[in-house]
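Working notes, structure below.
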There are 2 protein chains.
Amino acid sequence: MSLFQERGYDRTTVEEIAARAGLTERTFFRYFSDKREVLFSGSKGLEALMVSTIADAPKAMAPIDVVAAALEATSPGFEERRAHACKRQPLIMAHAELRERELIKLASLASAMAESLRGRGVEKTVAHLVAEAGIAIFKSAFERWIEDTKKHELAHHVRVALAELRLITAGASAASSTPPPTKAPRRSRLGPR
Amino acid sequence: MSLFQERGYDRTTVEEIAARAGLTERTFFRYFSDKREVLFSGSKGLEALMVSTIADAPKAMAPIDVVAAALEATSPGFEERRAHACKRQPLIMAHAELRERELIKLASLASAMAESLRGRGVEKTVAHLVAEAGIAIFKSAFERWIEDTKKHELAHHVRVALAELRLITAGASAASSTPPPTKAPRRSRLGPR
DNA sequence: ACCTCCGATGTCAGAAGCTGACATGACTCC
DNA sequence: GGAGTCATGTCAGCTTCTGACATCGGAGGT
């Protein structure tokens with residue numbers, strides 16, 4: 001991370017990273033399959049946490065709420081590493097190859113969540129759709145968390161994003177003119193001006 | 001594509017691709033920034049079509065329906081190239097680097113759609129969330145379209161996936177016990193067994 | 001104390017992806 | 001006919017990543 005911040009991601013060679021760690025380039029590649037992977041080692045733990053949170057959720061809970069709970073469960077972990085996340089994020093956003101890696105990690109997360117949902121008896125296509133919706137919520141929430149000067153927890157932003165998604169999809173064919181949800185996000189204007 | 005099917009993606013070098021086209025490796029890289037990019041040249045046109053469909057949608061239409069309409073608008077184009085898509089898809093699924101590229105193309109699509117929605121006056125966070133939801137719908141629909149032995153159009157699967165998403169998010173806090181949507185997908189079991 | 005095995009690391013050579021600099025050749029426009 | 005432009009070729013070189021083999025040091029058995 002320090003090297004990346006000194007010289008930028010693409011002006012840092014794997015050899016330099018390895019040297020800074022007192023190792024050889026070859027050894028680096030034994031620990032990380034990729035140069036990119038060095039920035040994503042935490043994703044396995046995240047996935048495990050979310051999968052087990054889903055598996056352990058109350059039986060009666062609706063799938064979308066189960067996924068939201070799993071997202072909220074990651075909140076403390078992110079809170080601990082807010083400083084690190086704030087350094088990491090601009091780096092990733094600035095480099096397409098890193099964004100690609102991030103996206104495939106999220107896709108893998110979605111698959112794992114879908115699988116865990118299926119273990120609860122959720123039908124396959126539904127499970128995948130719910131998981132993808134969860135990722136959409138996560139992206140939205142995470143972005144706001146990073147930029148949040150008021151330092152609300154990630155979990156808060158997850159709740160806001162879920163409420164927003166519910167408003168968005170609460171269209172004509174599913175439910176008509178129902179009262180707005182409790183704790184709706186402040187900005188709730190959905191249509192054209 | 002023929003080379004990839006003969007020898008597999010990673011056993012095909014850029015030099016070979018260029019030679020098959022009667023060109024040089026260097027020239028290949030002048031047309032495609034990447035080896036991967038050669039499989040994704042169509043994505044720009046797709047993006048343009050969806051953006052303009054969104055921009056031209058009726059003013060009163062809800063954002064989620066606008067996005068769904070944009071997805072449906074791509075249906076004829078995919079229908080024309082079903083054969084090509086069926087060769088391309090397993091190739092992409094089998095190679096992580098290609099999946100990554102596909103995901104970033106979808107993310108770019110989402111950004112473009114969000115931007116186009118903002119042009120209609122949709123609030124920023126909502127626009128992004130709707131666009132991401134649209135991508136989730138697209139992924140679900142596309143997967144089913146590829147595997148669909150009955151050869152329904154992509155547009156049909158888009159409608160099914162949207163209906164499914166509406167059922168999924170129609171939870172306690174947004175709408176309670178509303179009648180099911182018309183044309184609901186056959187499998188509508190959402191909760192645990 | 002000694003040996004053996006194993007895991008972590010180093011060394012080396014090399015393939016493939018990708019880039020910058022410059023050359024060539026054809027075609028257009030004056 | 002000359003100048004400029006555009007597509008392509010040529011070449012050298014860097015970086016990422018891999019396979020094969022060597023080395024070293026520690027753990028455990030005798």
What is the distance from CZ of A/Phe29 to P of D/dT18, rounded to the nearest Å?
7 Å

Looking at A/Ala68 and A/Leu162, what are the two nearest heavy atoms and their distance?
CB-CD2, 3.8 Å

Nucleotide nearest B/Arg30 when distance is taken to its side chain, options C/dG10, C/dA21, C/dC18:
C/dA21

Of all heavy-atom pairs between B/Thr27 and B/Leu23, which one has the smallest distance, and what is that distance?
CG2-CD1, 4.0 Å

Base, sugar-phosphate or nothing for B/Tyr31? Non-hydrogen atoms, less than 4.0 Å.
sugar-phosphate

Rounding to a whole Å, what distance do you find between A/Arg36:CZ and D/dT16:P?
11 Å

Within this structure, what is the CD-CG distance for the pair B/Glu102 and A/Leu103, rounded to the nearest 0.5 Å?
11.5 Å

The side chain of B/Thr27 lies closest to which of these nucleotides: C/dG17, D/dT10, D/dT8?
D/dT8

note: A/Glu97, atom CD; D/dC17, atom C1'; distance rounded to Å ~ 14 Å

Heavy-atom nearest pair, A/Arg120 first then A/Met61, reads NH2-O, 3.7 Å

Nearest to the side chain of A/Arg26 - D/dC17, D/dT18, D/dT16?
D/dT18

What nucleic acid atoms does B/Phe28 come within less than 4.0 Å of, heavy atoms only: base, sugar-phosphate, or nothing?
nothing

Does A/Thr24 put a side-chain nitrogen or oxygen below 4.0 Å from OP1 or OP2 of C/dG10?
yes

Would you classify A/Glu25 as touching base, sugar-phosphate or nothing, given that sugar-phosphate means primed atoms plus P, OP1 and OP2, and contacts are heavy atoms under 4.0 Å?
base

Can you tell me how far P of D/dT15 sits from CD of A/Glu15, to the nearest Å?
8 Å

Atom NZ of A/Lys35 to atom P of C/dC18: distance rounded to whole Å?
14 Å

Between A/Leu129 and B/Ala161, which heavy-atom pair has the shortest distance, and what is it?
CD2-O, 3.5 Å

Provide, to the nearest angstrom, the distance between the CG atom belonging to B/Asp10 and the C1' atom belonging to C/dG17.
13 Å

Separation of D/dA7 atom C1' from B/Leu23 atom CG, nearest Å, is 10 Å

Integer-rounded Å distance: C/dA16 P and B/Glu16 CD:
8 Å

